[in-house]
Colleague: 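Sharing a structure below in C-alpha coordinates format, with a few things to ask.
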Protein chains: 2
Amino acid sequence: MRHTEEAPAVTEALALLREKGERVTAARRAVLQVLDGASGHLCAEDIAGRVDAAEPGVHRATVYRSLQSLTELGIVAHTHVPGSATIYHLKHSAAAQHAHAHLQCTTCEGFFDVPTDWLAPLAERLRDELGFELDAQHAALLGTCAECRDHFAD
Amino acid sequence: MRHTEEAPAVTEALALLREKGERVTAARRAVLQVLDGASGHLCAEDIAGRVDAAEPGVHRATVYRSLQSLTELGIVAHTHVPGSATIYHLKHSAAAQHAHAHLQCTTCEGFFDVPTDWLAPLAERLRDELGFELDAQHAALLGTCAECRDHFAD
DNA sequence: TTATGTGCAAACTGTTTGCGCGAAG
DNA sequence: CTTCGCGCAAACAGTTTGCACATAA
(Lines give C-alpha, C1' and ligand atoms only; values in the text may rest on other atoms or scores of the structure.)
Protein backbone atom coordinates (compact mmCIF):
# COMPACT_ATOMS: atom_id res chain seq x y z
CA MET A 1 0.00 0.00 0.00
CA ARG A 2 1.29 3.39 -0.94
CA HIS A 3 0.97 6.37 1.26
CA THR A 4 1.62 10.02 0.69
CA GLU A 5 4.72 11.84 1.88
CA GLU A 6 5.21 11.64 5.59
CA ALA A 7 5.34 14.93 7.43
CA PRO A 8 8.37 15.44 9.67
CA ALA A 9 6.22 15.51 12.80
CA VAL A 10 4.83 12.11 11.82
CA THR A 11 8.24 10.61 11.11
CA GLU A 12 9.46 11.89 14.44
CA ALA A 13 6.46 10.44 16.24
CA LEU A 14 6.92 7.04 14.58
CA ALA A 15 10.57 7.03 15.59
CA LEU A 16 9.55 7.75 19.16
CA LEU A 17 7.08 4.87 19.01
CA ARG A 18 9.82 2.44 17.99
CA GLU A 19 12.15 3.85 20.56
CA LYS A 20 9.65 3.12 23.29
CA GLY A 21 9.15 -0.41 22.07
CA GLU A 22 5.69 0.34 20.73
CA ARG A 23 4.65 -1.03 17.38
CA VAL A 24 4.28 1.02 14.25
CA THR A 25 1.04 0.00 12.60
CA ALA A 26 -0.95 1.26 9.66
CA ALA A 27 -3.65 2.52 11.98
CA ARG A 28 -1.30 4.52 14.15
CA ARG A 29 0.52 5.94 11.16
CA ALA A 30 -2.78 7.03 9.64
CA VAL A 31 -3.99 8.62 12.87
CA LEU A 32 -0.76 10.59 13.11
CA GLN A 33 -1.01 11.65 9.49
CA VAL A 34 -4.56 12.88 9.95
CA LEU A 35 -3.68 14.79 13.11
CA ASP A 36 -0.70 16.36 11.41
CA GLY A 37 -2.73 17.59 8.50
CA ALA A 38 -5.54 19.03 10.58
CA SER A 39 -6.39 22.19 12.42
CA GLY A 40 -6.24 20.49 15.78
CA HIS A 41 -9.97 20.55 16.42
CA LEU A 42 -10.85 17.01 15.41
CA CYS A 43 -12.78 14.61 17.58
CA ALA A 44 -12.20 10.86 17.53
CA GLU A 45 -15.10 10.36 15.16
CA ASP A 46 -13.72 12.92 12.69
CA ILE A 47 -10.33 11.30 12.90
CA ALA A 48 -11.83 7.86 12.33
CA GLY A 49 -13.55 9.19 9.21
CA ARG A 50 -10.38 10.60 7.72
CA VAL A 51 -8.32 7.62 8.74
CA ASP A 52 -10.78 5.33 7.04
CA ALA A 53 -10.41 7.34 3.84
CA ALA A 54 -6.65 6.82 3.80
CA GLU A 55 -6.57 3.38 5.34
CA PRO A 56 -9.93 1.65 4.82
CA GLY A 57 -11.14 -0.76 7.43
CA VAL A 58 -9.63 0.85 10.49
CA HIS A 59 -12.17 0.56 13.25
CA ARG A 60 -13.29 3.42 15.51
CA ALA A 61 -12.24 1.45 18.56
CA THR A 62 -8.75 1.22 17.15
CA VAL A 63 -8.65 4.96 16.63
CA TYR A 64 -9.60 5.45 20.27
CA ARG A 65 -6.94 2.99 21.36
CA SER A 66 -4.32 4.62 19.17
CA LEU A 67 -5.16 8.05 20.50
CA GLN A 68 -4.89 6.67 23.99
CA SER A 69 -1.46 5.14 23.55
CA LEU A 70 -0.17 8.15 21.63
CA THR A 71 -1.38 10.33 24.47
CA GLU A 72 0.41 8.21 27.03
CA LEU A 73 3.58 8.58 25.00
CA GLY A 74 3.22 12.34 25.02
CA ILE A 75 2.83 12.58 21.25
CA VAL A 76 -0.82 13.54 21.23
CA ALA A 77 -2.80 15.78 23.54
CA HIS A 78 -6.51 16.28 23.88
CA THR A 79 -8.93 18.89 25.10
CA HIS A 80 -12.16 17.98 26.82
CA VAL A 81 -15.16 19.80 25.42
CA PRO A 82 -18.14 20.00 27.76
CA GLY A 83 -21.19 18.38 26.32
CA SER A 84 -19.47 17.02 23.26
CA ALA A 85 -16.57 14.98 22.04
CA THR A 86 -12.96 15.37 23.12
CA ILE A 87 -10.72 16.99 20.51
CA TYR A 88 -7.20 15.82 19.74
CA HIS A 89 -4.05 17.36 18.40
CA LEU A 90 -0.44 16.51 17.75
CA LYS A 91 1.68 17.94 20.53
CA HIS A 92 4.54 19.08 18.32
CA SER A 93 2.92 19.74 14.99
CA ALA A 94 3.58 22.95 13.11
CA ALA A 95 0.00 24.01 13.79
CA ALA A 96 0.44 23.48 17.52
CA GLN A 97 3.61 25.52 17.74
CA HIS A 98 1.95 28.31 19.65
CA ALA A 99 0.28 26.33 22.42
CA HIS A 100 -3.20 27.60 23.05
CA ALA A 101 -6.10 27.01 25.36
CA HIS A 102 -9.59 26.64 23.98
CA LEU A 103 -12.53 28.93 24.54
CA GLN A 104 -15.93 27.71 23.59
CA CYS A 105 -18.99 29.87 23.16
CA THR A 106 -21.93 28.22 24.88
CA THR A 107 -24.33 29.91 22.48
CA CYS A 108 -22.91 29.23 19.02
CA GLU A 109 -20.67 26.34 20.10
CA GLY A 110 -17.78 27.95 18.24
CA PHE A 111 -14.15 27.60 19.27
CA PHE A 112 -11.65 30.34 19.89
CA ASP A 113 -8.00 30.00 20.72
CA VAL A 114 -6.21 31.88 23.42
CA PRO A 115 -2.43 31.85 23.88
CA THR A 116 -1.39 29.84 26.89
CA ASP A 117 0.54 32.75 28.35
CA TRP A 118 -2.69 34.59 28.99
CA LEU A 119 -3.29 31.94 31.61
CA ALA A 120 0.22 32.08 33.01
CA PRO A 121 -0.51 34.53 35.84
CA LEU A 122 -3.41 32.39 37.00
CA ALA A 123 -1.30 29.26 36.71
CA GLU A 124 1.41 30.88 38.77
CA ARG A 125 -1.00 31.89 41.49
CA LEU A 126 -2.52 28.42 41.64
CA ARG A 127 0.95 26.92 41.91
CA ASP A 128 2.15 29.34 44.57
CA GLU A 129 -0.92 29.40 46.75
CA LEU A 130 -2.40 25.94 46.29
CA GLY A 131 0.40 23.88 44.84
CA PHE A 132 -1.92 23.12 41.97
CA GLU A 133 -0.24 22.69 38.61
CA LEU A 134 -2.67 23.98 35.98
CA ASP A 135 -2.92 22.28 32.62
CA ALA A 136 -4.53 25.13 30.75
CA GLN A 137 -5.05 23.27 27.49
CA HIS A 138 -6.70 20.21 28.94
CA ALA A 139 -10.21 21.59 29.24
CA ALA A 140 -12.05 24.22 27.27
CA LEU A 141 -13.08 27.45 28.97
CA LEU A 142 -16.70 28.45 28.48
CA GLY A 143 -18.39 31.74 27.91
CA THR A 144 -20.03 33.88 25.26
CA CYS A 145 -18.23 35.12 22.18
CA ALA A 146 -18.37 38.71 20.98
CA GLU A 147 -20.73 37.98 18.14
CA CYS A 148 -23.27 36.09 20.22
CA ARG A 149 -23.04 38.65 22.97
CA ASP A 150 -23.96 41.45 20.57
CA HIS A 151 -26.52 39.41 18.75
CA PHE A 152 -28.40 38.35 21.84
CA ALA A 153 -27.75 41.50 23.84
CA ASP A 154 -30.00 41.77 26.87
CA MET B 1 -46.61 13.39 53.07
CA ARG B 2 -44.56 15.36 55.52
CA HIS B 3 -41.35 17.04 54.64
CA THR B 4 -38.70 18.68 56.78
CA GLU B 5 -38.36 22.41 57.27
CA GLU B 6 -37.85 24.28 54.08
CA ALA B 7 -34.64 26.25 53.82
CA PRO B 8 -35.02 29.92 52.88
CA ALA B 9 -33.20 29.44 49.61
CA VAL B 10 -35.70 26.72 48.71
CA THR B 11 -38.72 28.82 49.63
CA GLU B 12 -37.34 31.65 47.58
CA ALA B 13 -36.77 29.40 44.61
CA LEU B 14 -40.28 27.98 44.82
CA ALA B 15 -41.71 31.48 44.90
CA LEU B 16 -39.73 32.35 41.81
CA LEU B 17 -41.08 29.25 40.11
CA ARG B 18 -44.68 30.32 40.73
CA GLU B 19 -43.88 33.85 39.72
CA LYS B 20 -42.66 32.63 36.36
CA GLY B 21 -45.76 30.54 35.85
CA GLU B 22 -43.87 27.30 36.38
CA ARG B 23 -45.41 24.56 38.44
CA VAL B 24 -44.28 23.61 41.90
CA THR B 25 -44.09 19.85 42.05
CA ALA B 26 -42.87 17.35 44.60
CA ALA B 27 -39.96 16.43 42.36
CA ARG B 28 -38.77 20.00 41.92
CA ARG B 29 -39.15 20.74 45.59
CA ALA B 30 -37.11 17.67 46.47
CA VAL B 31 -34.38 18.54 43.98
CA LEU B 32 -34.10 22.01 45.45
CA GLN B 33 -34.02 20.64 48.95
CA VAL B 34 -31.22 18.24 48.08
CA LEU B 35 -29.20 20.93 46.36
CA ASP B 36 -29.64 23.27 49.27
CA GLY B 37 -28.41 20.73 51.76
CA ALA B 38 -25.38 19.68 49.75
CA SER B 39 -21.82 20.73 49.22
CA GLY B 40 -22.50 21.70 45.64
CA HIS B 41 -20.58 18.85 44.11
CA LEU B 42 -23.45 16.54 43.30
CA CYS B 43 -24.07 15.02 39.91
CA ALA B 44 -27.55 14.27 38.58
CA GLU B 45 -27.26 10.66 39.65
CA ASP B 46 -26.33 11.62 43.21
CA ILE B 47 -29.20 14.06 43.31
CA ALA B 48 -31.60 11.42 42.02
CA GLY B 49 -30.47 9.10 44.79
CA ARG B 50 -31.07 11.62 47.54
CA VAL B 51 -34.30 12.82 46.00
CA ASP B 52 -35.57 9.28 45.89
CA ALA B 53 -34.83 8.90 49.60
CA ALA B 54 -37.01 11.90 50.45
CA GLU B 55 -39.59 11.49 47.73
CA PRO B 56 -39.65 7.87 46.57
CA GLY B 57 -40.51 7.12 42.98
CA VAL B 58 -39.01 10.20 41.37
CA HIS B 59 -37.43 9.13 38.14
CA ARG B 60 -33.92 10.04 37.01
CA ALA B 61 -35.29 11.58 33.84
CA THR B 62 -37.42 13.88 35.95
CA VAL B 63 -34.39 14.96 37.93
CA TYR B 64 -32.63 15.84 34.68
CA ARG B 65 -35.66 17.76 33.46
CA SER B 66 -36.01 19.58 36.77
CA LEU B 67 -32.37 20.56 36.78
CA GLN B 68 -32.77 21.80 33.25
CA SER B 69 -35.75 24.03 33.94
CA LEU B 70 -34.27 25.29 37.20
CA THR B 71 -31.13 26.16 35.28
CA GLU B 72 -33.12 28.07 32.66
CA LEU B 73 -34.76 30.02 35.46
CA GLY B 74 -31.38 30.94 36.87
CA ILE B 75 -31.98 29.10 40.13
CA VAL B 76 -29.49 26.33 39.54
CA ALA B 77 -26.08 26.36 37.90
CA HIS B 78 -23.88 23.51 36.78
CA THR B 79 -20.25 22.80 36.13
CA HIS B 80 -19.11 20.48 33.39
CA VAL B 81 -16.57 17.94 34.54
CA PRO B 82 -14.45 16.46 31.76
CA GLY B 83 -14.83 12.74 31.49
CA SER B 84 -17.55 12.48 34.07
CA ALA B 85 -20.92 13.78 35.12
CA THR B 86 -21.93 17.41 35.32
CA ILE B 87 -22.24 18.73 38.87
CA TYR B 88 -25.01 21.04 40.03
CA HIS B 89 -25.47 23.66 42.70
CA LEU B 90 -28.01 26.18 43.88
CA LYS B 91 -27.05 29.61 42.62
CA HIS B 92 -27.95 31.49 45.78
CA SER B 93 -27.52 28.95 48.52
CA ALA B 94 -25.57 29.77 51.63
CA ALA B 95 -22.89 27.34 50.53
CA ALA B 96 -22.55 29.09 47.17
CA GLN B 97 -22.18 32.55 48.63
CA HIS B 98 -18.55 32.83 47.64
CA ALA B 99 -18.76 31.92 43.98
CA HIS B 100 -15.94 29.64 43.02
CA ALA B 101 -14.52 27.95 39.99
CA HIS B 102 -13.63 24.26 40.10
CA LEU B 103 -10.22 22.73 39.77
CA GLN B 104 -9.98 19.04 39.19
CA CYS B 105 -6.87 16.94 39.64
CA THR B 106 -6.51 14.60 36.70
CA THR B 107 -4.64 12.12 38.86
CA CYS B 108 -6.76 11.70 41.97
CA GLU B 109 -9.94 13.12 40.43
CA GLY B 110 -10.37 15.34 43.48
CA PHE B 111 -11.99 18.76 43.39
CA PHE B 112 -10.61 22.03 44.64
CA ASP B 113 -12.32 25.37 44.75
CA VAL B 114 -10.82 28.62 43.65
CA PRO B 115 -12.42 32.02 44.23
CA THR B 116 -13.82 33.50 41.05
CA ASP B 117 -11.82 36.67 41.46
CA TRP B 118 -8.63 34.77 40.78
CA LEU B 119 -9.94 34.47 37.27
CA ALA B 120 -11.01 38.09 37.02
CA PRO B 121 -7.83 39.41 35.36
CA LEU B 122 -8.06 36.72 32.70
CA ALA B 123 -11.76 37.40 32.22
CA GLU B 124 -11.04 41.07 31.79
CA ARG B 125 -8.38 40.45 29.21
CA LEU B 126 -10.63 38.10 27.26
CA ARG B 127 -13.40 40.69 27.33
CA ASP B 128 -11.17 43.58 26.30
CA GLU B 129 -9.15 41.88 23.62
CA LEU B 130 -11.57 39.31 22.22
CA GLY B 131 -14.97 40.45 23.36
CA PHE B 132 -15.33 37.04 24.97
CA GLU B 133 -17.34 36.97 28.17
CA LEU B 134 -15.83 34.24 30.36
CA ASP B 135 -18.06 32.11 32.53
CA ALA B 136 -15.42 30.87 34.91
CA GLN B 137 -17.62 28.51 36.87
CA HIS B 138 -19.10 26.71 33.91
CA ALA B 139 -16.28 24.28 33.26
CA ALA B 140 -13.72 22.74 35.58
CA LEU B 141 -10.06 23.59 35.15
CA LEU B 142 -7.72 20.62 35.03
CA GLY B 143 -4.30 20.00 36.41
CA THR B 144 -2.43 18.22 39.18
CA CYS B 145 -3.00 18.88 42.85
CA ALA B 146 -0.18 19.44 45.33
CA GLU B 147 -0.50 16.02 46.90
CA CYS B 148 -0.43 14.10 43.64
CA ARG B 149 2.37 16.24 42.34
CA ASP B 150 4.54 15.36 45.34
CA HIS B 151 3.47 11.78 45.43
CA PHE B 152 4.21 11.08 41.79
CA ALA B 153 7.12 13.46 41.48
CA ASP B 154 9.16 12.84 38.34
C1' DT C 1 7.54 -17.06 17.13
C1' DT C 2 5.30 -14.36 20.38
C1' DA C 3 3.73 -10.32 22.37
C1' DT C 4 1.03 -6.54 21.02
C1' DG C 5 -2.31 -4.37 18.27
C1' DT C 6 -6.68 -4.99 15.71
C1' DG C 7 -11.64 -5.87 14.20
C1' DC C 8 -15.94 -6.76 15.83
C1' DA C 9 -19.81 -6.69 18.77
C1' DA C 10 -21.43 -5.65 22.84
C1' DA C 11 -21.37 -3.14 27.13
C1' DC C 12 -21.23 1.11 29.49
C1' DT C 13 -22.08 6.01 31.32
C1' DG C 14 -24.35 10.23 31.07
C1' DT C 15 -28.17 12.28 29.12
C1' DT C 16 -32.32 13.08 26.11
C1' DT C 17 -36.86 12.11 24.19
C1' DG C 18 -41.68 10.37 22.61
C1' DC C 19 -45.52 8.66 24.66
C1' DG C 20 -49.77 8.45 27.36
C1' DC C 21 -51.19 9.23 32.25
C1' DG C 22 -51.73 12.26 36.29
C1' DA C 23 -51.73 16.18 38.89
C1' DA C 24 -51.05 21.59 39.46
C1' DG C 25 -53.21 25.65 38.42
C1' DC D 1 -60.70 21.53 32.84
C1' DT D 2 -56.62 22.21 30.58
C1' DT D 3 -51.95 22.51 30.40
C1' DC D 4 -47.66 21.15 32.02
C1' DG D 5 -44.83 17.90 34.31
C1' DC D 6 -44.10 12.98 35.23
C1' DG D 7 -42.94 7.92 34.88
C1' DC D 8 -41.48 4.74 31.79
C1' DA D 9 -38.86 2.68 28.26
C1' DA D 10 -36.22 3.34 24.69
C1' DA D 11 -32.85 5.98 22.12
C1' DC D 12 -28.84 8.47 21.96
C1' DA D 13 -23.62 9.97 21.80
C1' DG D 14 -19.19 9.15 23.17
C1' DT D 15 -16.23 5.85 24.74
C1' DT D 16 -14.49 1.34 26.58
C1' DT D 17 -13.84 -3.65 26.75
C1' DG D 18 -13.56 -9.01 26.09
C1' DC D 19 -12.47 -11.99 22.80
C1' DA D 20 -10.32 -14.35 18.89
C1' DC D 21 -7.43 -13.38 15.04
C1' DA D 22 -3.67 -10.95 12.62
C1' DT D 23 0.82 -8.95 12.36
C1' DA D 24 5.13 -6.17 13.62
C1' DA D 25 9.25 -7.22 15.55
Side-chain angles (χ1 to χ4, degrees), chain A residues 1 3 13-32 41-49 51-52 54-73 75-76 78-88 104 106 109 139-140, chain B residues 1 13-32 41-49 51-52 54-73 75-76 78-88 104 109 139-140:
Chain A
M1 174 229 55
H3 39 61
L14 295 176
L16 187 59
L17 272 181
R18 277 201 193 81
E19 210 171 285
K20 299 253 187 179
E22 294 276 319
R23 293 185 181 176
V24 174
T25 67
R28 287 172 173 185
R29 198 197 313 268
V31 166
L32 287 166
H41 290 156
L42 297 180
C43 70
E45 211 67 32
D46 295 336
I47 296 167
V51 161
D52 194 77
E55 199 71 48
V58 174
H59 199 270
R60 280 200 322 284
T62 301
V63 170
Y64 277 102
R65 282 193 273 228
S66 299
L67 290 169
Q68 195 173 284
S69 36
L70 291 169
T71 299
E72 275 155 20
L73 290 167
I75 296 169
V76 163
H78 58 256
T79 301
H80 294 282
V81 180
S84 80
T86 301
I87 57 181
Y88 297 84
Q104 192 185 29
T106 39
E109 313 256 279
Chain B
M1 175 230 57
L14 294 176
L16 187 59
L17 271 181
R18 277 201 195 81
E19 209 171 286
K20 299 254 186 180
E22 294 275 320
R23 291 185 182 174
V24 174
T25 68
R28 285 173 175 184
R29 199 196 312 268
V31 166
L32 287 167
H41 289 155
L42 297 181
C43 70
E45 211 68 32
D46 295 336
I47 296 167
V51 162
D52 194 77
E55 199 70 48
V58 174
H59 199 269
R60 279 200 321 285
T62 301
V63 171
Y64 277 103
R65 282 193 274 228
S66 299
L67 290 168
Q68 195 174 284
S69 36
L70 292 169
T71 299
E72 275 155 20
L73 290 168
I75 296 170
V76 163
H78 58 255
T79 301
H80 295 282
V81 180
S84 79
T86 301
I87 56 181
Y88 296 85
Q104 193 186 28
E109 313 254 281

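These values consider heavy atoms only, across backbone and side chains, with no hydrogens, waters or symmetry-generated copies. Every chain is numbered from 1 and lettered A, B, ... according to where its sequence line falls, protein lines coming before strand lines.
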Colleague: State, with a plain yes or no, whether a side-chain heavy atom of A:T71 is found less than 4.5 Å away from one of A:H78.
Modeller: yes
Colleague: What is the nucleic acid contact for B:G21, judged by heavy atoms within less than 4.0 Å: base, sugar-phosphate only, or nothing?
Modeller: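 No contact at all - B:G21 keeps every heavy atom at 4.0 Å or more from the nucleic acid.
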Colleague: Using heavy atoms to find the nearest nucleotide of DNA chain C for B:V24 and B:Y88 separately, return the residue whose nucleotide is more 5′.
Modeller: B:Y88
Colleague: Give a yes/no answer on whether the side chain of A:Y64 brings an N or O atom under 4.0 Å of OP1 or OP2 in D:dT15.
Modeller: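 Yes.
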Colleague: Tell me: CD of B:E72 to C1' of D:dC4, nearest whole Å?
Modeller: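 From B:E72 CD to D:dC4 C1': 14 Å.
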Colleague: Heavy-atom nearest nucleotide on DNA chain D for A:R60 versus B:V58: which residue maps closer to 5'?
Modeller: B:V58
Colleague: What integer distance in Å separates B:L14:CG from C:dG25:P?
Modeller: 10 Å
Colleague: Quick check for you: among D:dA9, D:dA25, C:dG25, whose closest atom lies nearest to any side-chain atom of B:R23?
Modeller: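 Of the candidates, C:dG25 comes closest.
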Colleague: Which whole-number value in Å describes the distance from A:D46 CG to D:dT15 P?
Modeller: 11 Å
Colleague: Closest heavy-atom contact between B:T79 and B:A140?
Modeller: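 The pair with the smallest heavy-atom distance is CG2-N, 3.8 Å.
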Colleague: B:D52 side chain to B:G49 main-chain N or O, any donor-acceptor pair under 3.5 Å?
Modeller: no
Colleague: For A:T86, answer base if it contacts any base atom (sugar-phosphate contacts may also be present), sugar-phosphate if it contacts only those atoms, and nothing otherwise; contact means non-hydrogen atoms under 4.0 Å.
Modeller: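 Sugar-phosphate contact only.
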Colleague: Nearest to the B:A27 side chain among D:dT3, D:dC8, D:dC6, which nucleotide is it?
Modeller: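 Among the listed nucleotides, the one closest to the side chain of B:A27 is D:dC6.
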Colleague: Considering only NZ, NE, NH1 and NH2 on the basic side and carboxylate oxygens on the acidic side, decide whether A:E22 and A:R28 come within less than 4.0 Å.
Modeller: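 Between A:R28 and A:E22 there is a salt bridge, with a charged N closer than 4.0 Å to a carboxylate O.
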Colleague: Of the nucleotides D:dG14, C:dT17, C:dT6, which one has an atom closest to the side chain of B:A61?
Modeller: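 Of all the options, the side chain of B:A61 is nearest to C:dT17.
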Colleague: Looking at A:R28, does any N or O in its side chain come under 4.0 Å of the phosphate oxygens OP1/OP2 on C:dG5?
Modeller: yes
Colleague: Rounded to whole angstrom units, what separation is found between the CD atom of A:E22 and the P atom of D:dA25?
Modeller: 11 Å
Colleague: Is B:T25 near enough to C:dA23 that one of its side-chain N or O atoms lies under 4.0 angstrom from OP1 or OP2?
Modeller: no
Colleague: Between D:dG14 atom P and A:H80 atom NE2, what is the distance in whole Å?
Modeller: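 It is 15 Å, rounded to the nearest whole Å.
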Colleague: Starting at CG of B:D52 and ending at P of D:dG7, how long is that distance when rounded to a whole Å?
Modeller: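 Going from B:D52 (CG) to D:dG7 (P), I get 10 Å.
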Colleague: Quick one: closest heavy-atom pair of A:H80 and B:G83, and the distance?
Modeller: ND1-N, 4.3 Å
Colleague: Whether A:T62 contacts C:dG7 is assessed here as follows: a side-chain N or O lying under 4.0 Å from the phosphate OP1 or OP2. Is that the case?
Modeller: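 So the side chain of A:T62 is within the cut-off, an N or O lying under 4.0 Å from OP1 or OP2 of C:dG7.
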Colleague: Rounded to whole angstrom units, what separation is found between the NE2 atom of A:H59 and the P atom of D:dG14?
Modeller: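 For the pair A:H59 NE2 and D:dG14 P, the rounded distance is 16 Å.
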Colleague: Using the closest heavy atom to pick a nucleotide of DNA chain C for each, name whichever of A:S66 or B:A44 lands nearer the 5' end.
Modeller: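 Its nearest nucleotide being more 5', the pick is A:S66.
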Colleague: If you compare all heavy atoms of B:P82 against all heavy atoms of B:Q104, which two are closest, and at what distance to 0.1 Å?
Modeller: O-OE1, 4.3 Å
Colleague: Is there a donor and acceptor pair, one atom on the side chain of B:R65 and one on the base of D:dG7, closer than 3.5 Å?
Modeller: yes
Colleague: Just the rounded figure in Å: distance from P of D:dG5 to NZ of B:K20.
Modeller: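 The answer, rounded to whole Å, is 14 Å.
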